[in-house]
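All values derive from a computational prediction rather than experimental measurement.
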Amino acid sequence: EMQLVESGGGLVQPGGSLRLSCAISGMPFDDYAIGWFRQAPGKEREGVSCISRKNGSTFSTDSVKGRFTVSSDNAKNTVYLQMNNLKPEDTAIYYCAEGAPWLCRYIERRMEDFGSWGQGTQVTVSS
């Protein structure tokens with residue numbers, strides 16, 4: 001059974017950093033995409049960043065480009081989201097999800113095509 005487990009969330013001051021982890025197990029394929037999504041209170045879920053496991057290509061949305069970096073340690077079956085210069089508007093529950101390797105560039109428009117999802121980890125940016 002495929003499982004994704006997020007960790008690393010917490011409370012951080014504006015301008016601070018956090019690194020989220022997405023531990024992946026039970027994946028039947030060796031090529032897939034892992035997307036990071038977030039949902040703020042009262043708002044719809046949105047795509048943030050994505051990485052294709054096999055070729056390592058990444059994609060980030062304009063709202064986080066230059067501040068968030070997605071990376072993968074394939075030996076550990078873990079995908080990371082390094083978040084720097086955090087802003088209060090980054091406050092949300094962050095989720096990782098698995099999808100077909102070509103889905104990264106469509107992370108904002110084809111969220112429903114991502115299959116297995118983790119339970120989420122809370123990120124709060126506040127002074």
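Scanning both residues, Ser72 and Asn74, for their nearest heavy atoms gives OG-OD1, 2.7 Å. Taking each heavy atom of Gln122 and Thr124 in turn, the nearest pair found is NE2-OG1, 3.4 Å. Nearest heavy atom pair, residue Ala97 against residue Phe37, reads CB-CE1, 3.8 Å. Here the shortest heavy-atom pairing between Ile107 and Val48 reads CD1-N, 3.9 Å. Taking all atoms of both residues into account, the shortest heavy-atom contact from Asn85 to Asp90 is O-OD2, 4.4 Å. The two residues Phe68 and Met83 come nearest to each other via the heavy atoms CE1-CB, 3.5 Å.
Under the 4.5 Å side-chain criterion, counting only non-hydrogen atoms from C-beta, Gln82 is in contact with Ser17. Annotation: side chain of Arg38 is in contact with side chain of Ser63 (closest heavy-atom distance under 4.5 Å). Using a 4.5 Å heavy-atom cutoff, the side chains of Tyr32 and Ile24 are in contact. Counting heavy atoms from C-beta on, the side chains of Leu81 and Ser49 come closer than 4.5 Å. Counting heavy atoms from C-beta on, the side chains of Ser7 and Thr121 never come closer than 4.5 Å.
Here OG of Ser52 is found 10.0 Å from CD1 of Ile34. Values are rounded to the nearest 0.5 Å. Rounding to the nearest 0.5 Å places OG1 of Thr69 at 10.5 Å from CZ of Arg67. Between atom CD of residue Glu46 and atom CH2 of residue Trp36 there is a gap of 14.5 Å, rounded to the nearest 0.5 Å. Between Leu103 atom CG and Arg109 atom CZ the span is 11.0 Å, to the nearest 0.5 Å. To the nearest 0.5 Å, atom OG of residue Ser57 and atom CH2 of residue Trp102 are 13.5 Å apart.
Under a hydrophobic clustering in which Ile, Leu, Val, Met, Phe, Trp and Tyr are joined whenever their side-chain heavy atoms come within less than 4.5 Å, directly or via other members, Met27 and Tyr95 fall into different clusters. One hydrophobic cluster, built from ILVMFWY side chains closer than 4.5 Å, holds both Tyr94 and Leu4. One hydrophobic cluster holds both Val70 and Leu20 under the rule that ILVMFWY side chains link at heavy-atom gaps under 4.5 Å. Put simply, Phe114 and Ile93 are part of the same group of oily side chains (I, L, V, M, F, W, Y) that touch within less than 4.5 Å, one to the next.
More than 12 heavy atoms of other shown residues, nucleotides or ligands fall within 6.0 angstrom of atom NZ in Lys65. Counting non-hydrogen atoms of other residues, nucleotides and ligands closer than 6.0 Å to CD of Glu112 gives a total above 12.
For the pair Arg19 and Tyr80, the cation-pi criterion (under 6.0 Å, within 45° of the ring axis) is fulfilled.
Under the 3.5 Å distance criterion, the side-chain polar atoms of Glu6 are matched with a main-chain donor or acceptor of Gln119.
Glu89 is linked by a side-chain contact (heavy atoms from CB on, under 4.5 Å) to Lys87, counting only residues two or more places apart in sequence or in another chain.
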